[in-house]
Amino acid sequence: MAPVFVFPRTLHALEEEDEDNSSNYIRLSVFKSISVTGMRPAELDEFVKGVSFDLTDKELFCIEEQDVFDKVYSLVKGFGSLTPACKLNLVEALRSNLSVLLPNVDALVRASRSRTPDVDNDDGEVVDDEMADGTVADKVASLRNAFKIYTFFLVHIVLIEEAHAAAANVTSKMVAASGRKKLPVHSWNWEPQRGRILAVLANSLEINLSLLFGSSDLDENYLSFIVKNAFSMFENATLLKDMDTRDALCRIVGTCATKYHYLAQSCASILHLIHKYDFVVTHLAESVAAAEKKYSDGTLATSLVREIGRTNPKDYVKDTVGAENVGRFLVELADRLPKLVSTNIGLLVPHFGGDSYKIRNALVGVLGKLVAKAFCDVEGEVASKSTRLRTKQAMLEILLERCKDVSAYTRSRVLQVWAELCEQHSVSIGLWNEVAAVAAGRLEDKSAIVRKSALNLLITMLQHNPFGPQLRVSSFEATLEQYKKRLSELEPEAVSKSVLYGLDSESDTKNGDGEVHNEVEELEQKLNNDSMPESYLSQEDDIGQKGNSVPDVGNLEQTRTLVASLEAGLRFSKRVTATMPILVQLMASSSVSDVENSILLLMRCRQFQIDGSEACLRKMLPLVFSQDKSIYEAVESAFITIYLRKNPLETAKNLLNLAIESNIGDLAALEFIIGALVSKGDISTSTLTALWDVFCFNINGTTAEQSRGALSILCMAAKLSSAVLSSHLQDIVDIGFGRWAKVDPLLARTACVALQRLSEEDRKRLLSTNGSRLFGILDSLVTGSWLPEHTWYAAADRAIATMYTIHPTPEILASSLVKKSFNTVFGGYGGDELGNDVVDGSTNVATIVQVTKLSRFLFVVSHVAMNHLVYIDSCVRKVQKGKGNRDKLVAEGQQAHGVDESLEAKKDNNISAELGLAASDDALLDTLSDTAEKEIVSGGASEKNLIGCCAPFISKLCRNFALMQKYPELQASGMLALCRLMIIDSSFCEANLQLLFTVVENAPSETVRSNCTVALGDLAVRFPNLLEPWTENMYARLRDPSASVRKNAVLVLSHLILNDMMKVKGYINEMAICLEDEDERISNLAKLFFHELSKKGTNPVYNLLPDILGKLCSRNLTRESFCNIMQYLIASIKRDKQMESLVEKLCHRFGGVTDAKQWEYMSYCLSQLAFSEKSMKKLMESLKSFEHALSNDTVMDHLRSIINKGKKSAKPEFKSCIEEFEAKICKLHTEKKDQELTAMNAQAHKERVERMGRNVTVENGEEGGESERGEDGEVIDDLPESSQAGSTDGEVIDDLPQSSQPDSTTPDSSPTSDPASDVTASGSDEDEVQSPYSDQSGSKTFIDF
């Protein structure tokens, strides 16, 4: 019998002799080790073939033979130096022998149990009756020995080859990094061999090894060897990528731990791997789950859950990676073994109270998996079902509670779990609205990731809602009312009660969470079977037409359930509808995810016809101007999905309706996106053709408003491609200015816009065919009275602009227009007489002309002047462009003619440059341009032009404040005209600037003040030097009582400052106050201003902050407003150096301040800064600057918060310095408080003594007479000087009578001592002192001090 093989600690330990003399057996060890590294390839090959032959030709037990054992050991020891062919031969021999050995174990088990003859063994021999127990024992021992040896050598081959592969991988990376070519190496296909070896080892564990090892508990050394090396292979991420290898390792671990009860060591190793390596989590969870299913034994999974539950929650705070991996493992385990985990969930619930949010995230995911999978079966007893339902309800309550977790990551994870449950239809109708309420509430969460998860949850809930494809509130209300009537008919004697409450309770739901849902689905199916559409909720219109006739859904209980589900659906619809304002706010969020997911949710709401979703979606249009590409793409995608259809006519109607219902801002965004879609081809030519058909009334039922909308969309498309309008020029004139323009006056304005978008060729073609007619129409549009007042100004604006755009000599046409407008207003009334009336302040002008006509005249004059200024600029640009083109052609011609001519031309150019002829052309052009601009208003030296004649009249008219107050609409037109003329001419602007600021300050109409505020911005751009002295007055508009004026002021100043047209001066604090404006839009605009300002250069907010702080401290602001303003401004400062400098500046400001309120404000600003180590040092060094303010409790509170924040991020060595500083300021605080208290007590005592002296003086004055006597008849004299100066604290008591001093030696005070004490006591607390002396009538006298 061969010696027993015992698993050594290492492979080389087989060469060591057995030192354990007390053992009862001889250990198999290596007798003679052969070095294979020194063999020649041929010798090595022969040697390996010989060993392989012995292993395959001899019996399986030949591995026990010393000679064979030594040879195999030598080859395994030098396995890394073998050739690929030798490796393959050796591995195949060992693996095949072990594979053949495994069936022998089963055969031996059968033979030992049956003890019957003719049992064939694997060698074909017959086991007869004479087989003795000793023979069986010897064979079992030999099998066991061979089994161990094969296992040992195969495992070490895997370990050696993996180590060699890892070393080769490192070497290849180094070679690749050095840039050298990879050297060829002798490699072999190892991965399949590794998978086969490990699969054989896994199979060997799954057979019945109890007889082989003599008991159900296998050899400890064997199991330890297998498990230890299996777990070591799990640490290799590359090895786990091979599926065969991974599956074999999982089987090995699961079998050893479950079948052979190697539990404690396996649990410890599994948890160690989970904590250390993230790539093993899924595979180990799969291994545990597979073992439980194969052996129907969940001991391993239960033990792991218990070990995780026993872990101290604080340990997970320190080991964040381990906490994340453990959490993933729990989620994977719950997904695979939901029932087992649900029975042990109580061990994990206490970790919800831990500080590790990653563990809480994982537990939330575990609960989600359990709710979805652990309670699906309907079999079992009533008691067990009730227990499961209670467990499920407890889990759902925990999930709802965790929505308020302190960690944003956990709140986000909970919402994600709820979304998963909704997708899996694991949320009952009774709980649906609770989840919707939680999701709606989390839309306003401060964390962006939580808001994103809440938006996704609402999207999922809409997509998987159990109430139907239409969720309009009116639909549900109508349907619900009908079925409530039917329910009342079915239960006439029943007391009315809330069926929705009954839906939520367990007693009514019968089967808990799922049965009501299923019953509603059955009812819907029944309705469908009764020839109803897909959902009864979508048939409210038909039901309304039929009156009280509703489909019969069954008996009383079914009707009650249906009503309950309708009520739940109504609540859900209202809940989602209520989120519309929040979604509009989220679309303006700075977070990209908020914007994208809000758009997706609104699209889903529109799909389900949620009330208000269509209007909210229109508000996404301005987002096309976003600089973030993802936001623009989201808006564009949503626009295409919502408005573009396969049917061109349907698309055209969608677009024109959008244009009709949009405001000015939305129209600008719509024009941008229409242009982008036309350029991409998303808006096809067939859609444009359908728009023309609508505009030309070729579609039946088209209205004038729809025609205008179609033309608006065509104008937007023409901005990118003017050829869109070429084919319908005549239609634009005939329809745009024809009879339909009287039906919809804005149609004429839109036609003017279309004419402005024409190409140069189309303009010439139009002028040649319909020029005179067209300009006659435009003239009548401006001077006529057929347009209503509210649309005339918009139409006249575009008509005048169109004249200047397409007419070759627009100044002639404009002059005629102004004269006609003048005659229309004034008729035969002379202009000079009118001007004199205005100068005299007479209001008779209003009786002579109509205010409406005069307002129109002022608009025409000022608008013609503005368009003429633009026309002059365009003419100058044309001249400059032509000059540039000519120069370019000349340069190209010189290049074509040779070098000699070019040299000659260059010489001529140099001569021209020396003479200044080249610069004189540009100077002449600038002079002509300036002269033309001045002539618009001021005119020449001798005479004024048409606009110049009107300018003095407009100025005088605006100065007539009595007239303006009587007619506010006239003041609006007059001031608008005045501002336009001021923008054109600097002299006129300077002459009327004071008038403008007077009006903007005192005008009663907020419309006038708003218009003037906007005009000030234009003037500041045009004439910055003239407006610079009036900067303070411009900032004063931020304090206007009107919200519209303040809003315009914020917009104007933001534009000027951010575009470097105005310097930020000492009035920026007015803009800072707007951060807390009562109007939310103004507040948001101010925040946007400071946000953009902080991006400029080195952040101007940093330089402005001390000045803003000083100004705000002197303003009458509430503490809350001040704190909010400074918190927002300080948050915009990010650089550490600026923070450090601010700390120093704020500390130095304490020095010259004695007001406690300012101390508190400055200390609050300090507490809002982000303190680094350098900042803390600056604060410590500046202690003397704010030492005197430490007596204030609020200042100390702010300093303590700074110190606490500094401690959290400080290094250990610096933390001690912070603690010393804290102790120092606490000591100073105590001392300052004591000093302050002492000073207050001294001052109070002084005031009390002075008051007492005044009281006694008054009393003595009242008693005055010829002689002042007491009750005993003695004369009361004044105290001597020594008594008067006897005050210990320096107080002087004047004219105190002796009788008022109590005798300290006498037990009973004299009658006159009581009054004196009364005076002293009352004088300290009251302003009215009651005299102890009575007057002649016996009544008491009250003296008011």
Side-chain angles (χ1 to χ4, degrees), residues 357 360-361 364 399-419 422 427 431-463 465 471 473 571-606 608 610-613 615-620 622-623 626 628 631 634 638 1075-1088 1091 1120-1121 1123-1125 1127-1128 1131:
Y357 74 87
R360 297 201 302 274
N361 288 1
V364 166
L399 287 176
L400 287 173
E401 179 186 355
R402 283 296 111 190
C403 291
K404 301 176 183 178
D405 195 279
V406 293
S407 172
Y409 296 105
T410 303
R411 297 196 299 272
S412 175
R413 180 60 185 142
V414 174
L415 297 174
Q416 293 171 12
V417 168
W418 278 116
C422 291
V427 180
L431 197 62
W432 195 268
N433 282 294
E434 285 191 58
V435 179
V438 168
R442 289 298 102 192
L443 290 177
E444 299 180 280
D445 197 282
K446 63 181 180 181
S447 174
I449 59 173
V450 181
R451 297 194 298 269
K452 178 181 178 181
S453 298
L455 289 166
N456 288 330
L457 174 55
L458 286 174
I459 292 172
T460 305
M461 294 188 74
L462 281 170
Q463 187 173 357
N465 83 87
L471 297 177
V473 173
R571 286 177 55 199
F572 178 68
S573 178
K574 289 182 177 179
R575 178 72 64 184
V576 178
T577 303
T579 63
M580 294 298 111
I582 303 175
L583 296 180
V584 173
Q585 293 178 3
L586 289 177
M587 284 196 293
S589 172
S590 58
S591 173
V592 177
S593 62
D594 285 347
V595 180
E596 292 178 346
N597 289 285
S598 296
I599 293 174
L600 292 176
L601 177 55
L602 285 172
M603 291 177 63
R604 189 69 67 185
C605 290
R606 181 181 179 276
F608 285 89
I610 297 294
D611 297 334
S613 58
C616 291
L617 273 172
R618 291 196 195 98
K619 296 182 180 180
M620 77 174 178
L623 294 175
S626 174
D628 194 297
I631 293 179
L1075 290 170
E1076 284 293 297
D1077 196 278
E1078 58 186 11
D1079 191 300
E1080 185 178 2
R1081 175 163 172 75
I1082 297 175
S1083 175
N1084 292 335
L1085 288 172
K1087 290 178 181 178
L1088 180 62
H1091 176 71
E1120 182 182 3
S1121 297
C1123 293
N1124 292 339
I1125 292 171
Q1127 183 181 14
Y1128 184 85

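Treat the numbers as computed from the prediction; the structure is a model and nothing was measured. Heavy atoms only: backbone and side chains are in, while hydrogens, waters and symmetry mates are out.
- Residues Tyr1128 and Lys1087 come closest through the heavy atom pair OH-O, 2.7 Å.
- Scanning all heavy atoms of the two residues, the minimum distance from Asp405 to Arg411 falls at O-NH1, 2.7 Å.
- Side chains of Asn456 and Leu415 form no contact here, defined as non-hydrogen atoms less than 4.5 Å apart.
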Let me see the working for Cys403 and Val414 under side chain to side chain contact (heavy atoms under 4.5 Å, CB included), right down to the final yes or no.
-> CA-CA 6 Å; Cys403 291; Val414 174; 3.4 Å; yes
Under the side-chain hydrogen bond (donor to acceptor under 3.5 Å, both in side chains) rule, what do Ser589 and Ser591 come out as? Steps first, then yes or no, please.
-> CA-CA 5 Å; Ser589 172; Ser591 173; 4.8 Å; no
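- The distance from the CD1 atom of Ile459 to the CG atom of Asn597 is 5.5 Å, given to the nearest 0.5 Å.
- Within the 4.5 Å cutoff, the side chain of Leu600 has no heavy atoms near those of the Leu455 side chain.
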Are Leu602 and Val584 close enough, and set up right, to give a side chain to side chain contact (heavy atoms under 4.5 Å, CB included), and what steps lead you there?
-> CA-CA 9 Å; Leu602 285 172; Val584 173; 5.8 Å; no
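- Distance alone, capped at 3.5 Å, is enough to place a donor-acceptor pair between the Ser1083 side chain and the Leu1075 backbone.
- Met580 is listed as a side-chain neighbour of Ile610, based on a closest heavy-atom distance under 4.5 Å.
- For the side chain to side chain contact (heavy atoms under 4.5 Å, CB included) with Val435, the qualifying choice from Leu399, Leu458, Leu457 is Leu457, the only one to do so.
- The local environment of CZ in Phe608 is crowded, with over 12 non-hydrogen atoms from other residues, nucleotides or ligands closer than 6.0 Å.
- Put simply, the side chain of Glu1120 reaches to within 4.5 Å of the side chain of Asn1124, judged on heavy atoms.
- Remark: side-chain polar atoms of Ser573 are paired, donor with acceptor, to backbone N or O of Leu471 under 3.5 angstrom.
- Between Met461 and Ala436, the closest heavy-atom pair is CE-N, 3.7 Å.
- The two atoms that bring Cys605 and Val576 nearest to each other are SG-CG1, 3.8 Å, heavy atoms only.
- The CD atom of Glu596 lies 14.0 Å from the CG atom of Leu601; values are rounded to the nearest 0.5 Å.
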Ile599 vs Ile631, side chain to side chain contact (heavy atoms under 4.5 Å, CB included): CA-CA, chis, key distance, verdict = CA-CA 10 Å; Ile599 293 174; Ile631 293 179; 5.6 Å; no
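- Checking side-chain atoms of Arg451 against main-chain N and O of Asp445 turns up a donor-acceptor pair under 3.5 Å.
- Here the straight-line distance linking atom CD1 of Ile1082 with atom CD of Glu1076 works out to 13.0 Å at 0.5 Å rounding.
- Under a 3.5 Å cut-off, the side chain of Tyr409 and the backbone N or O of Tyr357 do not form any donor-acceptor pair.
- You'll find the side chain of Leu586 stays beyond 4.5 Å of the side chain of Val595, heavy atoms only.
- In this structure, CZ on Arg604 lies 12.5 Å from CZ on Arg606, to the nearest 0.5 angstrom.
- Looking at heavy atoms from C-beta onward, Arg402 lies out of side-chain contact with Val417 at the 4.5 angstrom threshold.
- How far OG of Ser613 is from CZ of Arg618: 10.0 Å, rounded to the nearest 0.5 Å.
- Two residues are said to be in side-chain contact when any heavy atoms from C-beta on lie closer than 4.5 Å; Thr577 and Phe572 fail this criterion.
- Heavy-atom minimum distance, Arg413 versus Asn361: CG-O, 3.6 Å.
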Step by step, work out the side chain to side chain contact (heavy atoms under 4.5 Å, CB included) result for Val438 and Trp418.
-> CA-CA 10 Å; Val438 168; Trp418 278 116; 5.7 Å; no
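- Annotation: the span from Leu400 atom CG to Leu431 atom CG amounts to 5.5 Å, rounded to 0.5 Å.
- The heavy-atom pair separating Ser412 from Val450 by the smallest distance is N-CG2, 4.0 Å.
- By the 4.5 Å heavy-atom criterion applied to side chains, Arg442 and Ser453 are not counted as neighbours.
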With salt bridge (Lys or Arg N to Asp or Glu O under 4.0 Å) as the test, would you mind laying out the steps for Asp594 and Lys452 before giving the verdict?
-> CA-CA 6 Å; Asp594 285 347; Lys452 178 181 178 181; over 6 Å; no
